[in-house]
Amino acid sequence: MSPAAASNATPAIPRVRWNDYSALTPPEIGEWTPSMRVSVIVPAYNGHEKLDLTLAGLADQSYPAHLIEVIVVDNGSEPPLRLPEIRHPNTRLIVCATPGRANARNAGLRAATGDVIHWLDSDVVLDRVAIEAHMRWHHLAPYLSVTSYLRFTTVELPVPADVIAIDDRAKLFEPTEPHAWIVKLVDSTDKLRSSDHGAFRLHVGGSTSVNARLIKAAGPMDEGLILGQDTEMGYRLFEAGAVFIPEPRSIGYHLGPTMRMREGTSISRVSQAFIVDRVPHYRWLRTHPNRQWDVPYVEVEIDATDASYEDVRASVDGILGSTVPDVSVVLLGPWEELDREPERRSPLKDPRLDLMLIRGHYAYDSRVQIGGRSGRAPYVLRLPAGWVPGEDTLAELLHLMVERPLGLLSVLLSGLLEGGVMARLERTAAFARARMMAREGEDLDAIVGDVFGSMQVFRETFEFLPTAEAKRPVERRTAYRARGEVSNPSNAEAQRLIKENELLKSKVAEWRDESKRWRSTAVEFRREIGSLKKQVNALKRARGIGRLTRRLHGLLREPQPPRQ
């Protein structure tokens, strides 16, 4: 089938620009015919009373019952959970013995069969139209994540029969408090329509639905995290192309405060310690100037297939010596060929010599990956081997990418715009969404340009040099010293002498202080000596009087001559 015929045969997928979902118009509740199936996954650990209310809230949803399945995941409760009488007819109970909400959700995810996955906490009671309000969006596009408005209640808990019997469930749970953090995020971004990558923070597990195809692209919950799994998965959903929508018609009543509301400071301390490695957009948490992170901010892809060792090394070393340390390099090439027996007798004539040199040179550098990229970084720079960016070039490209903002930034390195040699900085989320939107044979660059924006610049605007003209990276201490000289390049020696003079001044001040202390000590010594002299004189006088007294006593005892 030709691309044109395929285009006519395939329904067009609406194209949302960034997170502005205004292009989507959901049908009115109760005035449409659904067809997609939804799997509601409810992880639970103990808390039978609240779980019974949660399941009662799912029992009579306005969304067609045959399109809903409810999967309750018992995460090691004691005693084991049981399904209550009041529940949705398509409810089943499975067991996940491994502790942790992420483990329980993933167990439910493996058992799910729906087109849409709806996460629901076991202490949240949904309004009757909540699931329908979500699903009317999912019928419009395959790349959506929809979140309910949660309201927190501390009233005395009703019984499940009351949840079923009453028309307006708000009457059971009022007064309530809104989820202040979500309200602030939504209100500050025109209901998230003006948000950029920060929209992923809307993904919360209390009541959020995600297209199953999108979850498959992003991957399951991260079981290695202690806390913050919802945010981390929200990041991966965004990088997989998600659009995040807050749905005010879907209300969930949270029975009591959340753990974050009770222990927010401690939770932030724990989650940030782990999530900083996994979410590069949290730039303010990545404060160390040289640390490497699990998910880099940008991956640089260089094809070494037909390139020389010198060209690849120049490009890689230029990237690693840049002002952007939060980077990793991926070297593409036929590396499997090197696993064959190498030429031992004439290695210099081996046609794979350059590949062997490249792999050997970077085999132990953790920043360089031999093989395919991870795909988790928010940006990827595709750089032809033999072209070397300037020290600050990558930072300047990223700044332009964010400020515009753009989905694709192309740099013409040589030749003409059509068919020339290009370096390409791509936003991962933009191309992921474009792939979901594209019809067979459609150009992804054109879709990215329409949905995220694109721009072309020349290498003269940003410093890119071929290998022969590029400078080798400067050793760090040399660079440090050079920065000091740059402040006054005409008189670097004077700067050094000024520093020495300041040092001597500080020493002289120290010596003066020390001299004062010595003088003060000398005065004290003089006082002590004077006091000692007085004591000595007194002792001497006392000794003299004693001798005179003894002499007198001696004379009195001597016999006196008779008087004449």
Side-chain angles (χ1 to χ4, degrees), residues 290 292-322 324-377 379-391 393-394 397 408 410-416 418-426 428 431 435 444-445 459 462-476:
N290 296 309
Q292 298 299 302
W293 310 95
D294 181 33
V295 180
Y297 191 54
V298 57
E299 286 186 335
V300 180
E301 187 180 277
I302 300 173
D303 192 346
T305 302
D306 298 314
S308 70
Y309 162 67
E310 288 76 16
D311 278 348
V312 171
R313 180 176 177 181
S315 297
V316 174
D317 290 356
I319 289 294
L320 297 183
S322 77
V324 180
D326 196 357
V327 63
S328 69
V329 178
V330 178
L331 297 177
L332 303 180
W335 305 113
E336 65 281 355
E337 292 184 7
L338 301 186
D339 296 332
R340 302 198 310 264
E341 182 65 24
E343 177 57 63
R344 300 295 185 187
R345 297 187 181 279
S346 302
L348 299 181
K349 297 181 180 179
D350 193 320
R352 302 166 298 174
L353 179 60
D354 281 81
L355 286 174
M356 287 190 289
L357 294 176
I358 293 168
R359 187 168 76 171
H361 188 75
Y362 292 107
Y364 303 105
D365 193 325
S366 60
R367 299 165 298 175
V368 181
Q369 178 181 335
I370 306 296
R373 60 183 289 255
S374 69
R376 296 185 295 163
Y379 301 99
V380 55
L381 174 65
R382 305 187 191 280
L383 179 65
W387 287 94
V388 185
E391 186 178 7
T393 296
L394 182 56
L397 292 174
L408 171 63
S410 302
V411 183
L412 179 63
L413 301 177
S414 67
L416 302 176
E418 294 296 330
V421 178
M422 307 283 275
R424 293 165 53 95
L425 182 59
E426 301 175 1
T428 302
F431 280 83
R435 282 189 286 272
L444 292 183
D445 285 6
R459 75 177 179 93
F462 300 93
E463 184 184 350
F464 280 94
L465 296 173
T467 300
E469 300 175 23
K471 298 178 181 178
R472 294 181 62 85
V474 179
E475 187 268 333
R476 287 193 176 185

Report the C-alpha separation of R435 and L444 in whole Å, then their side-chain angles, then the decisive distance to 0.1 Å, and conclude whether the side-chain contact (heavy atoms from CB on, under 4.5 Å) test is met.
CA-CA 7 Å; R435 282 189 286 272; L444 292 183; 3.7 Å; yes

Indicate yes or no for a side-chain donor-acceptor contact from [X] to the backbone of [Y] under 3.5 Å, with no hydrogens or angles considered.
| X | Y | value |
| --- | --- | --- |
| Q292 | P325 | yes |
| T393 | F462 | no |
| S315 | W387 | yes |
| R459 | F464 | yes |
| S328 | E299 | no |

[X] [atom1] to [Y] [atom2] distance, which is reported to the nearest 0.5 Å:
| X | Y | atom1 | atom2 | value |
| --- | --- | --- | --- | --- |
| R359 | L331 | CZ | CG | 11.5 Å |
| R424 | L408 | CZ | CG | 5.0 Å |
| E301 | I319 | CD | CD1 | 12.5 Å |
| E391 | E463 | CD | CD | 9.0 Å |

Which pair of non-hydrogen atoms, one from [X] and one from [Y], has the smallest distance, and what is that distance?
| X | Y | value |
| --- | --- | --- |
| G420 | L412 | CA-CD1, 4.1 Å |
| T428 | A377 | OG1-O, 2.6 Å |
| L355 | P334 | CD1-CG, 3.7 Å |
| D303 | A385 | O-CB, 3.9 Å |
| G371 | L332 | O-CD2, 3.7 Å |

If the condition is ring-ring contact (aromatic ring centres under 6.0 Å, His included), which residues does F431 pass it with, not counting sequence neighbours?
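Not a single residue meets the ring-ring contact (aromatic ring centres under 6.0 Å, His included) criterion with F431.
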
Non-neighbouring partners of Y309 that pass ring-ring contact (aromatic ring centres under 6.0 Å, His included), sequence neighbours left out:
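With neighbours one apart ignored, the set is H361.
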
Is there a side-chain contact between [X] and [Y], using heavy atoms and a 4.5 Å cut-off?
| X | Y | result |
| --- | --- | --- |
| L320 | D365 | yes |
| R367 | V327 | no |
| Y362 | V329 | no |

Evaluate the side-chain contact (heavy atoms from CB on, under 4.5 Å) criterion for residues R313 and L357: first the C-alpha distance (whole Å), next the side-chain angles of each, then the deciding distance (0.1 Å), finally the verdict.
CA-CA 10 Å; R313 180 176 177 181; L357 294 176; over 6 Å; no

Which residues pass the side-chain hydrogen bond (donor to acceptor under 3.5 Å, both in side chains) test with D326, sequence neighbours left out?
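So D326 forms a side-chain hydrogen bond (donor to acceptor under 3.5 Å, both in side chains) with R283, R286.
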
Can you tell me which residue among L425, L381, V330 is in a side-chain contact (heavy atoms from CB on, under 4.5 Å) with V300?
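Output: one option passes, namely L381.
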
For the pair W335 and I358, evaluate side-chain contact (heavy atoms from CB on, under 4.5 Å) and give the outcome as yes or no after the intermediate values.
CA-CA 10 Å; W335 305 113; I358 293 168; 3.8 Å; yes

